[in-house]
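Just below is one structure, and these are the notes that go with it.
Reminder, nothing fancy here: chain letters follow the sequence lines and each chain counts from 1.
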Amino acid sequence: MTSLDTAHDEGPSARSGASGGTAAEIVFDSVTKRYAGQEQPAVDNLSLTIGAGEICMLVGPSGAGKTTALKLINRLIDFEEGDITIDGRGVRGENVTALRRGIGYVIQQTGLFPHMTIAANIATVPRLLRWDKQRIRARIDELLELVGLEPEYAKRYPAQLSGGQRQRVGLARALAADPPVMLMDEPFGALDPITRGRLQEEFLRLHARVSKTVVFVTHDIDEAIKMGDRVCVLRQGGRLAQYDPPDVLLARPVDEFVADFVGADRGLKRLSLRRVGDLHLLPAPSARAGEDGTAARARVAEVGYETLILVDDDGRPQGMIGRDSLNGPVNASDARSIGVFGRLDMPLRDALSVMLSQAGSHLVVVDDDGRLAGLVSADLISAELAGTDASARAFDADEVPT
Amino acid sequence: MIGILAQGGSGPVIPDFGGGGAGNSCVRDNGFFCWNWFQQNWSDTFQPRLIEHIELTVVALAIGFVISFAAALFAYRYKWFDFPFTTFSAFLYTIPSLALFQVLVGITGLTLATALIPLVTYTLLILFRNTLIGLQEVPDEVREAARGMGLTRRQILWRVELPLALPAILAGLQIAAVTVVSLATVAAFVYDHGLGSPIFDAINRGTFKTELIGAGGLAILLGIASYAFFAVIQRVATPWARYRRA
Ligand SMILES: Nc1ncnc2c1ncn2[C@@H]1O[C@H](COP(=O)(O)OP(=O)(O)OP(=O)(O)O)[C@@H](O)[C@H]1O
Ligand SMILES: [Mg+2]
């Protein structure tokens, strides 16, 4: 399979070369949009820099101007005040159709063409750009695979697909000409939670493979936190409330409005941003069966624990043994079950949940091979949150206001 | 009126019912349907009349479609045009066909134009409405996605909006075709053309049943055939419409 990363050389827009990759920086400079006959602007003096290759999540209450802000970028909505540049080039200076062909656009209702097959839908922009047939065909196959659809879907019509499959096609169609910028307006908003979760993860995986600057509108704060490199919170009237990485947004909302918007459980939400493997795990005292129990007991006491982890010859945890049972050689029959293990890729939120359900103060963590990696405690988790809160503060202080 | 009917009287050579010129008792007795006679007169009466009828229908439909299509595109772009054109074509639709043919004789004489003009006017309302509604019913998000991908206005019209309006347009053509086939028989009243000619001829001769039923039956079959024709076109040209969700 040809990698998407190498397909940018013939990207639709001249700007794809400018940044040396397929992503492009997007800058809003004091943009104001007022709809005709409306007192309050829909977007009010918005200034914002979205770094090349970043995913920027636009959130805010209904009517806050998210969709408006998004459509200003590809000029589906015109504006007069301020400027939007993509890799330094003002969108208003460009030919509007050329501009749009260089920007992927995905919407909640998909907007697939019902009279065209999936293949023809995906081929829309490549055809406009007059790619040759062979190249278009190859690209369709590649994209279907990328968005996880079997090749035989190419010949179907949109009405023959499920909602989730249609949304995948919408994504493939927007990616077809490998645009440096993707605009997505609540793309997963109409899907059931399970499909939405799966598509979110697949999108993140895909984004890691194809470098794109993504502006993603959602009203789901969890989606914003999960997907965004940065989250832009708009308040009523299209004014910017906060623009920060998810962790900073959760740790230090700038005001009541943002705090309310991210929710009272923002502490827990921060836990889902981190994984067990991000922590400096506590050392776990362990021993194999037959080892000297007294020495093992001393090691357990040294770190102030009550139990020893019994491991097999490969270091895989087999059970735990109370300190008081450690007399003479370590005996496997003294071991109790450990229960559920923590894993390195487990979000801290899940780790805490397992800990609570097992009524234990520690969670035994194993690595990908099932070998003992260490322990997590509730204290360790809260220390981690406090620590990164401090680093978030430092990050704020470092940041040069734009 | 009888005078005009007589104009259409260049029908097949048939004897008066009393004589036995054809040596056919069925014809002599004005039987319900004399198959032999129908067959004898197929190639010089019924077949050419049928072809004329088809030609008349196709020409009327084509002219009607061009006018309605252009008007619908205009009304799609400039909404104000919808009401006056709809009103105008609906008004034309209400005029009794026989009266319209008669009035036109005074203007355009006993010509093809006199036959065609009413036929065309009766297609306008249905073709205009169906085309316009077909275009208007294209989902907004489809139009927006097309715009967002950088299709020009014209590309959106020809590649997206019109193909999506095609089922409605074809449905309009289907109804218009059946209407025209049926009305075109009346057109023989002013222009000696099509299957209406043998029908008027049969009536003129004291209702010669075989000729009346033969020509009338062919007109009915042609109506059904044109209906079926557009049903097939619909199926072939818009395979996607079958999967459309309710
Ligand atoms: N075409 C329009 N004409 C006039 N006003 C509009 C138009 N589109 C949006 N608005 C107004 O602009 C404001 C912002 O609308 P916008 O669609 O950008 O909100 P949003 O944040 O996307 O909301 P939602 O979450 O409900 O999609 C709203 O007050 C809306 O009523
Ligand atoms: Mg919106």
Side-chain angles (χ1 to χ4, degrees), chain A residues 12-13 67 70-71 73-77 94-118 120-129 155-163 166 169-170 173-177 179 182-187 190, chain B residues 69 72-73 76-80 130-174 230-246:
Chain A
S13 145
T67 297
L70 190 81
K71 288 190 189 172
I73 300 172
N74 64 356
R75 287 177 57 196
L76 283 175
I77 296 174
E94 300 228 12
N95 173 292
V96 71
T97 53
L99 173 80
R100 290 175 184 158
R101 287 169 194 181
I103 297 177
Y105 185 49
V106 185
I107 55 178
Q108 180 177 329
Q109 312 88 327
T110 72
L112 293 183
F113 300 144
H115 61 299
M116 292 187 188
T117 61
I118 300 312
N121 264 286
I122 294 175
T124 304
V125 177
R127 274 185 193 158
L128 290 174
L129 298 172
K155 290 195 212 69
R156 294 214 202 169
Y157 290 100
Q160 293 172 284
L161 267 54
S162 73
R166 276 201 294 262
V169 176
R173 183 172 72 169
L175 285 166
M182 296 276 287
L183 307 181
M184 309 176 75
D185 196 346
E186 303 196 29
Chain B
F69 186 74
L73 288 192
Y76 184 50
R77 179 98 184 243
Y78 304 100
K79 295 204 182 342
W80 61 265
N130 270 38
T131 306
L132 184 58
I133 289 170
L135 289 170
Q136 286 168 342
E137 285 192 342
V138 172
D140 281 340
E141 69 266 18
V142 170
R143 212 174 280 124
E144 183 181 294
R147 231 154 61 84
M149 282 188 289
L151 276 80
T152 62
R153 213 184 167 116
R154 175 179 301 215
Q155 286 166 335
I156 293 173
L157 180 68
W158 289 95
R159 298 186 193 187
V160 179
E161 294 176 317
L162 282 172
L164 285 176
L166 196 57
I169 295 172
L170 288 172
L173 279 169
Q174 188 174 39
F230 281 104
V232 170
I233 297 277
Q234 182 86 264
R235 232 182 137 72
V236 173
T238 63
W240 53 274
R242 251 173 293 163
Y243 307 110
R244 207 153 35 161
R245 277 145 202 250

Problem set entry | Part of Leu183(A) lying under 4.5 Å from any heavy atom of chain B | neither
Problem set entry | Contact residues of residues 148-155 of chain B (partner chain A; heavy-atom separation under 4.5 angstrom) | Gly148(B), Met149(B), Gly150(B), Leu151(B), Thr152(B), Gln155(B)
For this session: Could you grab the distance from atom OH of Tyr157(A) to atom OH of Tyr243(B), nearest 0.5 Å is fine?
Result: 7.0 Å
Problem set entry | Which atoms of Ile107(A) approach chain B - backbone, side chain, both or neither, heavy atom under 4.5 Å | side chain
Exercise. For the side chain of His115(A) and the backbone of Arg159(B), is there at least one donor-acceptor N/O pair under 3.5 Å apart?
Worked result: yes
For this session: Applying salt bridge (charged side-chain N to carboxylate O under 4.0 Å, His left out), name anything that partners Arg127(A), two or more places apart in sequence or on another chain.
Result: none
Exercise. So which of Ala176(A), Gly111(A), Gly104(A) has the largest heavy-atom pair count under 4.5 angstrom toward chain B?
Worked result: Gly111(A)
For this session: Quick one: which of Lys71(A), Arg156(A), Arg75(A), Met116(A) has the most heavy-atom pairs under 4.5 Å with chain B, could you say?
Result: Lys71(A)
For this session: Could you check if a side-chain atom of Glu144(B) sits within less than 4.5 angstrom of a side-chain atom of Tyr105(A), using non-hydrogen atoms only?
Result: yes
